[in-house]
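Below is one structure, written out as structure tokens; comments come after it.
Naming convention: chains lettered A, B, ... in sequence-line order (proteins, then strands); numbering from 1 in each chain.
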Number of protein chains: 2
Amino acid sequence: MLDKFPCRSHCPINYALESFGDKWTLLIIRDLMFKAKQSYGDFLASNEKISTNILADRLKRLEEMGIVIKSVNETNRTKMIYSLTPKGQDLLPIMLEITKWSGKYDAQTNAPKPFLDSIENDRLRLIEDIQAGWKSAKKQ
Amino acid sequence: MLDKFPCRSHCPINYALESFGDKWTLLIIRDLMFKAKQSYGDFLASNEKISTNILADRLKRLEEMGIVIKSVNETNRTKMIYSLTPKGQDLLPIMLEITKWSGKYDAQTNAPKPFLDSIENDRLRLIEDIQAGWKSAKKQ
DNA sequence: CTGTATCCTTAGGGATACTG
DNA sequence: CAGTATCCCTAAGGATACAG
């Protein structure tokens, strides 16, 4: 526990994983972003049944990372309100792409659905371009 | 260990988390997708220093989920080759959005960088639209 | 209702030795 | 080199009780 943000590397994918790479954090962000939830009890009520200690821990981490901000409900001073900071709102495109991917591959059958098949060749070509760029960058 | 894919809910975000919601899986996908790595030793050599047991476990899971496919290197029959299936290649947009997000928020300073600021209002409006849609859907 | 705290079990994962 | 296997410790997390 010496270092809360260990930083295994400076890769952007790794940075994201160290920010929200666990089984719970993105569910809280989903609730804030898509379901307009904003209180501790709201998050507890979600289908995945997060436990109180995990929820408290993740909310604290999200606050420390500047993704979530905690404020007092002015109409009910005992109640806290959690909301997304701009940094948290910027996760929207990631959330949308995740939703698209999961929608294509159904949890039960694992079968690909057709609605994205038309872009398959473009996607493949883009991966090849990126890899070619990476290899030539390493040679230099 | 009765159930390898426990399925806490049928939310698409949750499906993604149960597919690759851990600290290591996305790094393997990154190596396959962007760095053209394809062998066990290639993955072991990455900066984040994944350990052998974790790597073997994640490769097996990725295979079971149909994200990665394992085949024999025909020029060197003792060598296995890992590559992305179409389902794995479909993770590209997610990976790109993650890279953009991490690029905007530097791991060291946490400071937002300016190059995406112009879309901030659009993003905020989109979140509001989605939440409004969610709330009206629940009322029905 | 909003959290904290505690207890306890399991899963994650590092280190290292070992096998084909 | 491509994995397996084992040892062992720490982190994750479920259940539940408790406090403001």
Exercise for the section: In whole angstrom, give the distance that lies between atom NZ of A:K60 and atom P of D:dG13. Expected result: 15 Å
Exercise for the section: Provide, to the nearest angstrom, the distance between the CG atom belonging to B:D57 and the C1' atom belonging to C:dT10. Expected result: 15 Å
Handout entry: Residues B:R61, B:E64: salt bridge by 4.0 Å N-O rule
Key = no
Practice task
Identify, between A:K23 and A:D42, the residue whose nearest nucleotide on DNA chain C lies closer to the 5' end.
Solution key: A:D42
Completion exercise
Considering only heavy side-chain atoms of A:S51, the closest of D:dG3, D:dG13, C:dT2 is D:dG13
Problem - Donor-acceptor contact present, side-chain A:N14 to main-chain A:S9, <3.5 Å - result: yes
Exercise for the section: Give A:Y82 one of three labels, base, sugar-phosphate or nothing, depending on what nucleic acid heavy atoms sit under 4.0 Å from its own. Expected result: sugar-phosphate
Practice task
Can you tell me the distance, in whole Å, between the CD1 atom of A:I54 and the C1' atom of D:dA15?
Solution key: 12 Å
Handout entry: Integer-rounded Å distance: D:dC1 P and B:K79 NZ
Key = 9 Å
Handout entry: Distance, rounded to the nearest Å, where B:L55 contributes CG and C:dT16 contributes C1'
Key = 16 Å
Exercise for the section: Spell out, yes or no, whether B:I69 and B:Y82 are grouped together once hydrophobic residues are joined by side-chain heavy atoms under 4.5 Å, including indirect joins. Expected result: no
Exercise for the section: Between D:dG14, D:dA12, C:dG13, spot the one nearest the side chain of B:W24, thanks. Expected result: C:dG13
Completion exercise
Nearest-nucleotide check on DNA chain D, B:K70 vs A:N53; residue mapping nearer the 5' end is B:K70
Exercise for the section: Answer whether the closest heavy-atom distance between the side chains of A:E63 and A:L59 falls below 4.5 Å. Expected result: no
Practice task
Respond yes when some side-chain nitrogen or oxygen of A:R58 is under 4.0 Å from OP1 or OP2 of D:dA12, and no when none is.
Solution key: no
Handout entry: Protein-nucleotide distance (B:I50, atom CD1; C:dA15, atom C1'), rounded to Å
Key = 15 Å
Exercise for the section: Starting at atom CD of B:E18, determine the distance to atom P of D:dA12, rounded to an integer number of angstrom. Expected result: 18 Å
Handout entry: Any A:F43 side-chain heavy atom under 4.5 Å of A:T52 side chain
Key = no
Exercise for the section: Please report, rounded to the nearest Å, how far the P atom of C:dG13 is from the CG atom of A:D22. Expected result: 11 Å
Problem - Closest nucleotide among C:dT4, D:dA2, D:dA12 to the A:T52 side chain - result: C:dT4
